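These numbers come from the heavy atoms of this one structure, side chains and all, not from hydrogens, waters or symmetry mates. Predicted, not measured: the structure shown is a model, and the values here were computed from it.
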Amino acid sequence: MPMWDEIAEHCELVVAFGGLALKNSQINPGGLARHQTRDLQRRCREAGVRFVNVSPLRSDVAGFLDAEWLPVVPNTDTAAMLGIAHTLLVNGWHDEDFLRRCCVGFDRFASYLRGDADGVPKDAAWAAEITGISCDTITDLAHGLATRRSLVMVNYAVQRADHGEQPIWMSVVLAAMTGSMGRPGGGWGAGYATMDATGVAPGRPSVAGLPKVPNAVADFIPVARIADTLLHPGKTIDYDGRRLTLPELHLVCWCGGNPFHHHQDLHRLSRAWQTPDTVVVHEAWWNTSAKFADIVLPVATTLERDDFAAGFSDPHLVAMPKVREPEGESRTDHAIFAALAARLGYGKDFTQSRTERAWVRHLYEQTRAELGDAADLPDFDAFWRNSTAELPRLTGPFPGSFEALRSDPRRFPLPTPSGRIEIFSETIDSFGYDDCAGHPTWYEPVEWLHAGLAERFPLHLISNQPASRLHSQYDNGGHSLRSKIRDREPVTLNPSDAAARGIENGMVVRLHNDRGSCLAGAILSDDVMPGVVQLSTGAWWDPVRAGLSGTLDRHGNPNALTADRPCSRLSQGPSALSALVEVERYDAPLPEVRAFAPPAIEEGACSAAALRGQAGDGTPH
């Protein structure tokens, strides 16, 4: 994928499906030494790059990019891309040479585009009826992609929907057709607005990590199938060509992450969470996951342990000496695991007789030795004093990249069965899935604005990432709390939808469907297209009665409303962005938000109900 500086120099047109929200790029897995995405995007605009935002939200692209906004019916990105692709095909604007040399299966896909089998050409008029983007706009966009150095971007979020594999796959196919794939500044890219790494740096050398021990347990479940596993042990599901049997789980030990943040249909999850004999959670905060655990192991924060950061693609190592000792009886995760290992009889095998600080030193010095003169890293003591050290930047072209593929597909194959871009996949086709064919295909979502269910729930819920926190982290912090409206998470509605419901700015409203309901504070803005409401993820769940579908969440967590339904039999991923709701004024007395209140724990209490912080009916105390 091209870097931002390469885009600024060579690209003329960027089409961003799912947007390019700058707020999401303020983080990086593993750490971030310097924020660069904002300045790099500005450089692209100053260089004259044209941006097109294909999203239900105008705010999914920074204002300074002056992007053209194409409001699209949620979950219809695949149809929009198919309409563009059909226009490229019938006008002869597609890159026949690249499709022949570097791809497989285009003829099969072209037959689908023309409608040879089903009698339905996937043309611009067909796409316009589905997506709400005009036929002329789709045609103009196809012409721009074909005649300018262009980059087709896709946001990771578009895959978290019914048939979410399709827009990702289709975006690659569309880019391959344009003529820019594998050329400087053009082609295809994903996740540019997901972290401050994609498009910023091409990569860095590997950094040493803790030794990995083979897992003796062969059972595996997709992460989005947690509730299914707990509720239906022994059930078989399809997954990526395999048949998986969901195991029976008696003990859950959760370290890192927050299932009561990222999982859909939280009432269903809370019912499932009662089935194991014991749930153990490592937590520093009394969030929902901790309140629903039998045993909470209080863990130190990142400020209370020694570590060093090595961010994804970031060419810096950053020292992280602790600033204080862990509070009270809390311990670091390493200390907890070391104690557990000792009780199980392999404590020395786990620690290798090293303290946590000794492990930090060892891993740094191992990295330094492995890189040698190529990195010229200082010794550990100097690194610890100076806080940072810089790694060498990797340079391309990289084997397996689209640039290398275009230059010589035989010498630089992709890591696919054919070594080329698989527009038609024999492997996926052989699975015989009725919800994922062998090439990108339009499938009507279960819940979308053209579904019959929209007569009862006429608004499509976009539950995107928040601007005031990282996922659910520090929702109890001042920055996130200041974003609330009357203590509730803000929800944004189009003024026309609000007026039809008698909703005014700053009012508390109730969002609901058959799965649940929640309160939120209304913000009116035409940055949200009509028929869509936007409620960010991460508000700590605060149900009146957990486990009872339809019960009220007092705080505004969208996963009280989303469906625990897999994207497809191929991925079994989450489909949170396929959810219909209705919104109404909430004129009743406002219930107190208790999301941040710790549970009432009596000294000596040891029953499962008491340790879970719940009454016998599943209601959090």
Side-chain donor-acceptor contacts of residues 158-165 below 3.5 Å, not counting sequence neighbours, with atom names and distances?
from	atom 1	to	atom 2	distance (Å)
Q159	NE2	Y156	O	3.1
D162	OD1	R565	NE	3.1
D162	OD2	V446	N	2.8
D162	OD2	R565	NH2	3.4
E165	OE1	S568	OG	3.2
E165	OE2	S568	OG	2.7
E165	OE2	S571	OG	2.4

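- Between D564 and R225, at least one side-chain N (NZ, or NE/NH1/NH2) sits under 4.0 Å from a carboxylate O, which counts as a salt bridge.
- Remark: side-chain polar atoms of K122 are paired, donor with acceptor, to backbone N or O of V120 under 3.5 angstrom.
- A distance of 6.0 Å separates CG in L511 from CG in L535, rounded to the nearest 0.5 Å.
- Using a 3.5 Å distance cut-off with no hydrogens or angles, the side chains of S59 and D527 do not pair a donor with an acceptor.
- The closest donor-acceptor contact from the side chain of S575 to the backbone of S578 lies at 3.5 Å or more, if one exists at all.
- In this structure, D553 does not pair ionically with R545, as no charged nitrogen and carboxylate oxygen lie closer than 4.0 Å.
- A salt bridge links D475 with R469; the closest basic N to acidic carboxylate O contact falls under 4.0 Å.
- When side chains are defined from C-beta on, L20 counts as touching Y192, because their heavy atoms get closer than 4.5 Å.
- Other residues, nucleotides and ligands place no more than 12 heavy atoms under 6.0 Å from the CZ atom of F312.
- In this structure, A293 and V281 approach most closely via the heavy-atom pair CB-CG2, 3.6 Å.
- Remark: the T562 side chain and the N559 side chain contain an N/O donor-acceptor pair separated by less than 3.5 Å.
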Full working for ring pair (Phe, Tyr, Trp, His ring centres under 6.0 Å) between F337 and H282: CA-CA 11 Å; F337 286 127; H282 294 221; 5.2 Å; yes

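- Judged by distance alone, the side chains of Q534 and T492 do bring a donor and an acceptor atom under 3.5 Å apart.
- Remark: the W188 side chain and the S171 side chain contain an N/O donor-acceptor pair separated by less than 3.5 Å.
- Within a 6.0 Å radius of CD in Q26, more than 12 heavy atoms belonging to other residues, nucleotides or ligands are found.
- The main-chain N or O of T441 is found under 3.5 Å from a side-chain atom of Q166 such that the two form a donor-acceptor pair.
- With hydrogens and angles disregarded, a donor-acceptor distance shorter than 3.5 Å links the side chain of R58 to the backbone of D526.
- Taking the six-membered ring where tryptophan is involved, the planes of H439 and F109 are perpendicular, since the angle between them exceeds 60° and thus also 30°.
- Distance alone, capped at 3.5 Å, places no donor-acceptor pair between the S480 side chain and the G477 backbone.
- Taking the six-membered ring for Trp and thresholds of 30 and 60 degrees, W541 and F260 have nearly parallel ring planes, at less than 30 degrees apart.
- Here E592 does not pair with R486 in a salt bridge; the nearest charged N to carboxylate O distance is not below 4.0 Å.
- The CE atom of M81 sits 11.5 Å away from atom OG1 of T131, with the distance rounded to the nearest 0.5 Å.
- Under a 3.5 Å cut-off, the side chain of W273 and the backbone N or O of T275 do not form any donor-acceptor pair.
- Proximity of a side-chain donor or acceptor of H232 to a complementary backbone N or O of A227 within less than 3.5 Å is not detected.
- Under 3.5 Å, the side chains of N513 and E582 contain no donor-acceptor pair of N or O atoms.
- Between F431 and Y433, the angle of the ring planes lies from 30° to 60°, which puts this pair in the tilted group.
- In terms of heavy-atom proximity, M1 sits nearest to A190 at SD-N, 2.9 Å.
- Checked against a 6.0 Å centroid threshold, the rings of W448 and W442 count as neighbours.
- We find the CG-OG distance between N557 and S463 to be 9.0 Å, quoted to the nearest 0.5 Å.
- In this structure, the side chain of D435 engages the main chain of R569 through a donor-acceptor pair within 3.5 Å.
- Using a cut-off of 4.0 Å between Lys/Arg side-chain N and Asp/Glu carboxylate O, R554 and D487 are scored as not salt-bridged.
- For the side chain to side chain contact (heavy atoms under 4.5 Å, CB included) with T76, the lone residue among I133, V54, L449, I130 that qualifies is I130.
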Test side chain to side chain contact (heavy atoms under 4.5 Å, CB included) applied to V299 and T332, step by step: CA-CA 5 Å; V299 297; T332 63; over 6 Å; no

Test side-chain hydrogen bond (donor to acceptor under 3.5 Å, both in side chains) applied to S289 and N258, step by step: CA-CA 6 Å; S289 293; N258 179 357; 2.4 Å; yes

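- Formation of a donor-acceptor pair under 3.5 Å by the R488 side chain with backbone atoms of K484 is not found in this model.
- For the atom pair L174 CG and M170 CE, the distance stands at 5.0 Å (nearest 0.5 Å).
- Interatomic distance, CG of L244 versus CG of D219, reported as 9.0 Å (0.5 Å rounding).
- Between Y474 and W285, the gap from one ring centroid to the other is short of 6.0 Å.
- Defined by atom type and a distance below 3.5 Å, a donor-acceptor pair is missing between the side-chain atoms of E489 and H555.
- No side-chain donor-acceptor contact under 3.5 Å links S25 and D196.
- Pairs passing the salt bridge (Lys or Arg N to Asp or Glu O under 4.0 Å) check and including a residue from residues 239-265, sequence neighbours excluded, read D238-R243.
- Note that CD of E447 is 9.0 Å distant from CZ of F457, once rounded to the nearest 0.5 Å.
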